[in-house]
Amino acid sequence: MNHKLYLSAALVLTSSSMWGTEPITLPNISITQLSANGEWALSDNGAGGINVIEVASQTSTSARATNATATSISNDGSLVGTVDGVASVWTADEGWTALPLADDMTGTVVPTAISADGKVICGYASAQALDDYNNGLLYAPVVWYSTDGVFSTPQWLPYPATDYTGRTPKRVTALTLNADGSLIAGQVTPLLWRRLQRPYHLHHGERRDIMGICAPRKPYRRERDAP
């Protein structure tokens, strides 16, 4: 199957009359992201098959690695993602290399986006080292900064102390950023422990809610469903 790459990001830089141009077809390639300048495309098939494509020449460079996933691409074709669960950055010269981690960052660490200039990476990490972990916070946002092409140890980003319910959030993740990394956006996911939304688990074949109240043993039936 052929997948079509629509170069709208590049075409708007030339002339609006170019919108009618026939799309370029790249066989067996599925485009997942374009760089901000429209010069590079990222193809990630979700099974480690990652390619970086130079749009003008349609030249494809493999960034394949075992258990790798790429989440973002910069204006020079650099990638961020994970390899075997390790936060990593990819460049054409060096391939995949692990990003540095702070001593207090254990467990899951996920880079989610790289700035267009390739100097800032944002993401999130397990929050075991933070005081709010004991209050239910699982993940907190982090950021890496590059100096002379080398990324330094990541820093914890500040985050809201409470979600819209007034409680400690469950997850705070940095998901995207602007061209130079000076503005980072993310998401706050609340703890959903509410009487109107009670999560359940199975306990010896019975359905029990996690707050300890046993649900009815028999399935609920409306009157018209009764025999």
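On a predicted model such as this, the values are computed, not experimentally measured, just so you know.
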Spacing of Gln187 atom CD and Leu175 atom CG [to the nearest 0.5 Å]: 6.0 Å
Minimum side-chain heavy-atom gap Arg64-Ile50 below 4.5 Å: no
Trace of the side-chain hydrogen bond (donor to acceptor under 3.5 Å, both in side chains) decision for Glu54 with Ser57: CA-CA 6 Å; Glu54 186 177 22; Ser57 65; 3.0 Å; yes
Minimum-distance pair of heavy atoms, taken over all atoms of Trp90 and Gly77: CZ3-O, 3.4 Å
Approximate separation, where rounding is to 0.5 Å, of Leu79 CG and Ser88 OG: 11.0 Å
Residues which pass side chain to side chain contact (heavy atoms under 4.5 Å, CB included) with Thr147, listed by chain and number, not counting sequence neighbours: none
Ala116 versus Ser74, closest heavy-atom pair with distance: O-CB, 3.7 Å
Minimum side-chain heavy-atom gap Ser115-Asp180 below 4.5 Å: no
Test applied, side-chain contact (heavy atoms from CB on, under 4.5 Å); reference residue, Thr168; option that passes from Thr162, Asn135, Asp163: Asn135
Nearest non-hydrogen partners of Pro158 and Pro141, listed with the distance: O-CG, 4.3 Å
Shortest non-hydrogen contact from Ala140 toward Leu130: CB-CD1, 3.6 Å
Common cluster, Leu99/Val120, ILVMFWY with side-chain heavy-atom separation under 4.5 Å: no
Cluster link Leu42 to Ile114, ILVMFWY, side chain under 4.5 Å: no
Spatial distance of atom OG (Ser60) from atom CG (Asn51) [nearest 0.5 Å]: 3.5 Å
Thr108/Tyr139 under side-chain contact (heavy atoms from CB on, under 4.5 Å): CA gap, chis, key distance, verdict: CA-CA 9 Å; Thr108 300; Tyr139 300 107; 3.9 Å; yes
Listed partners of Thr176 passing side chain to side chain contact (heavy atoms under 4.5 Å, CB included), at least two apart: Ala185
Closest approach of Pro111 to Ala87 (non-hydrogen atoms, all atoms of both residues): CD-CB, 3.6 Å
Within-4.5 Å side-chain heavy-atom neighbours: Tyr159 and Val188: no
Cluster overlap Val52 with Trp96, hydrophobic side-chain contacts below 4.5 Å: yes
Ser35 and Asn37 side chains, donor-acceptor separation under 3.5 Å: yes
Test log, rule side-chain hydrogen bond (donor to acceptor under 3.5 Å, both in side chains), inputs Trp40 and Asp76: CA-CA 7 Å; Trp40 301 92; Asp76 66 356; over 6 Å; no
Same cluster (ILVMFWY, side-chain, under 4.5 Å), Trp144 and Val89: yes
Test log, rule side-chain contact (heavy atoms from CB on, under 4.5 Å), inputs Ser126 and Met105: CA-CA 7 Å; Ser126 297; Met105 290 181 184; over 6 Å; no
Residue pair Ala113 / Thr71: nearest heavy atoms and the distance that separates them: N-OG1, 4.3 Å
Verify same cluster id: Leu177, Tyr145 (apolar side-chain graph, 4.5 Å): yes
side-chain contact (heavy atoms from CB on, under 4.5 Å) between Glu39 and Asn75, worked out: CA-CA 7 Å; Glu39 295 180 5; Asn75 278 351; over 6 Å; no
Rounded distance (nearest 0.5 Å) linking atom OG1 of Thr59 with atom CD1 of Ile53: 10.0 Å
Pro190 side chain near Tyr164 side chain, heavy-atom distance below 4.5 Å: yes
Gly136 backbone acceptor or donor facing Asp132 side chain under 3.5 Å: no
Note, Pro154 side chain near Val143 side chain (heavy atom, < 4.5 Å): no
Side chain to side chain, Thr189 and Leu138, heavy atoms closer than 4.5 Å: no
Any Thr112 side-chain heavy atom under 4.5 Å of Cys122 side chain: yes
Side chains of Leu101 and Val109 in contact at under 4.5 Å (non-hydrogen atoms): yes
side-chain hydrogen bond (donor to acceptor under 3.5 Å, both in side chains) assessment of Thr32 paired with Asp44: CA-CA 6 Å; Thr32 53; Asp44 184 351; 5.9 Å; no
